[in-house]
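For reference, the structure discussed in these notes is given below.
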Amino acid sequence: MYLDPHVHAVSRTTDDYQAMAAAGVVAIIEPAFWLGQPRTNVGSFQDYFSMLVGWERFRASQFGIRHYCAIGLNSKEANNEALAEEVIDLLPRYLAKEGVVAVGEIGYDDMSALEEKYFRIQLDLAKEVDLPVMIHTPHRNKKEGTSRSMSVCEEHGLAPGTVVVDHNNEETVKEVLDRGFWAAFTIYPHTKMGSERMVEIVKQYGPERIIVDSAADWGVSDPLAVPKTAALMKARGLSDEAISKVTYQNALDAYGQSGQIRAGDWLDAAAVDPTEKFEGSGVLRGGQPPQVGKLGNTPMPDPGSDNLIV
Amino acid sequence: MTNPRAGLLREWLAERAVADALAWLDEKHGAIADGAPDSVFFMNYSAASRRFDRTPLALDESALRAADAAVPGWRPQAWEMMHTARAVLLCALPDGEAFAPTIDKLLDAADIGEQIAAYQALPLLTQPTRLVARAREGTRTNITAVFQAIAHNNPFARDHFEEAPWNQMVLKALFVGVPLAPIVGLDERANAALMRMLCDYAHERWAAGRVVSPELWRCVGPHADDDAIRDLARVLAQGDDDARAAAALALRTSPHSRAAELLSKHKELASVSRSWNDFA
Ligand SMILES: [Zn+2]
């Protein structure tokens, strides 16, 4: 049973959902982010946020996967000041909705003054509505960006235990853990973090406050990164308890602080909303049955295959 | 309470909710009824999920009778606490020019649970004619639970949809695989155009080798033309037990001259004592 706490499912196909469900992913968290194509008006943001709490939630449910989301203004589009102002005004409405587990993903892209401004505004907002924060650390200038993200959180009075710092690597993890934040790692095929490196990190630092995710989106990425990494950890001799922590429980504990995600949502059939039950034909064609709770076996990755190479 | 139907909802919640949640709801209801900015309404409509959970109201017979007396055809047997609290807030909205646009703005940014609550509450709201377009928009969704919030146990479509959208709603119910029996007004709004659409749909399903819901024939019987009678004869001859029983029920409602003759040929079906609700 896995929880992938960072998936941009709007960019993924139904094949991905089927594969994730078959591999044992029971729930995903979809943080609001940049779509690749910059948005030019606030209505585009509204419809995107509505999609995250509406259609995409339903689409995931058709494959037996529970869908949650984080809502926020991403760092790239924070650089369009007029638009950013309107998006900030929109956020409170969405942060109050069911299944919204964090403000995110927010932070820095190229560490501009406007990014800083809207990052800070959203940290205050998170405090006000009492939600955890998901931090996107910059891909360039990562080490400094990560440090600064944490310092700004502290400056705004957020408890480190309510903040997940994502996209870590070997260079950033120690400081993030030392300062008491959650350290999330995105397993990308070919580049950045790979499953093999992830195993080494958990061996070195232990499983406390470490979270593995796929960040599967419109780029080259692997929606099965979490189950595949878990399988490799098992093969490399990590304990079941440690594996469960980094691929399920830690993310649940971190985002569970929102009160908007609980294991009962997928474990306790009676807790499943009867009017939203995994039924219907919205995305199914030609009389296919919905995939409900069909947990298959986790596929074992070939240790020599691409996705493990850094 | 601004809208008298909110009284009934509040009464049901009072019997089930904790005092804090109820006090919160009364306070927000008051603020919205006093004309608070729409942002206050939107925020609290969402925040109702923090105070009320999804426990079903599980209304007893007398409560359901009270519902039907307040709004004929309203059957809130599947309503949940959270949806009910949201309906109370909807009923608080002042009955002015801003009313319908506010509902539109609400639904433009609503999550699934919020959409269900609003569409379920449609028959309780004032200015129904200004909400018809929105209700039709709701029936266009592919999110089954949202579609059902309008189509099932809700008299709004019966009372306010013209024939074309009504027919589309019934056909879509079959298409997305939800039962027809809970549609309020199914028999009284049966019509010849719907009969034709449904028979065409049955032929499509047969051509694809797929099952035809026995409920489909319910809306065919009263308006069956020669072709439809031939379709029903085919079901009697080739269908499974469910389909044959449904065809027999449909033929009993048909004034067509051949209906009685067909039924008399299938004496074994004369004793079928099932009702349409048994097929849902
Ligand atoms: Zn992301």
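Only heavy atoms go into these numbers, but all of them, side chains included; no hydrogens, no water, no symmetry mates. Just so it is clear: chains get the letters A, B, ... in the order the sequence lines come, proteins before strands, and each one is counted from 1.
For the pair Glu30(A) and Arg57(A), the salt-bridge criterion is not met [side-chain N within less than 4.0 Å of a carboxylate O].
By the 30° and 60° cut-offs, the orientation of the rings of Phe33(A) relative to His136(A) is tilted.
In terms of heavy-atom pairs under 4.5 Å with chain A, the best-connected choice from Arg50(B), Met43(B), Gln115(B) is Arg50(B).
Contact of Leu90(A) with chain B is not made at all, since no heavy-atom distance falls under 4.5 Å. In this structure, chain B has a heavy atom under 4.5 Å from the side chain of Tyr94(A), while its backbone stays farther away. Contact of Asp53(B) with chain A is not made at all, since no heavy-atom distance falls under 4.5 Å.
Looking only at side-chain heavy atoms (C-beta outward), Leu171(B) and Trp166(B) stay at 4.5 Å or farther from each other.
The side-chain tip of Arg234(B) points at the ring of Trp206(B) from less than 6.0 angstrom away and within 45° of straight on.
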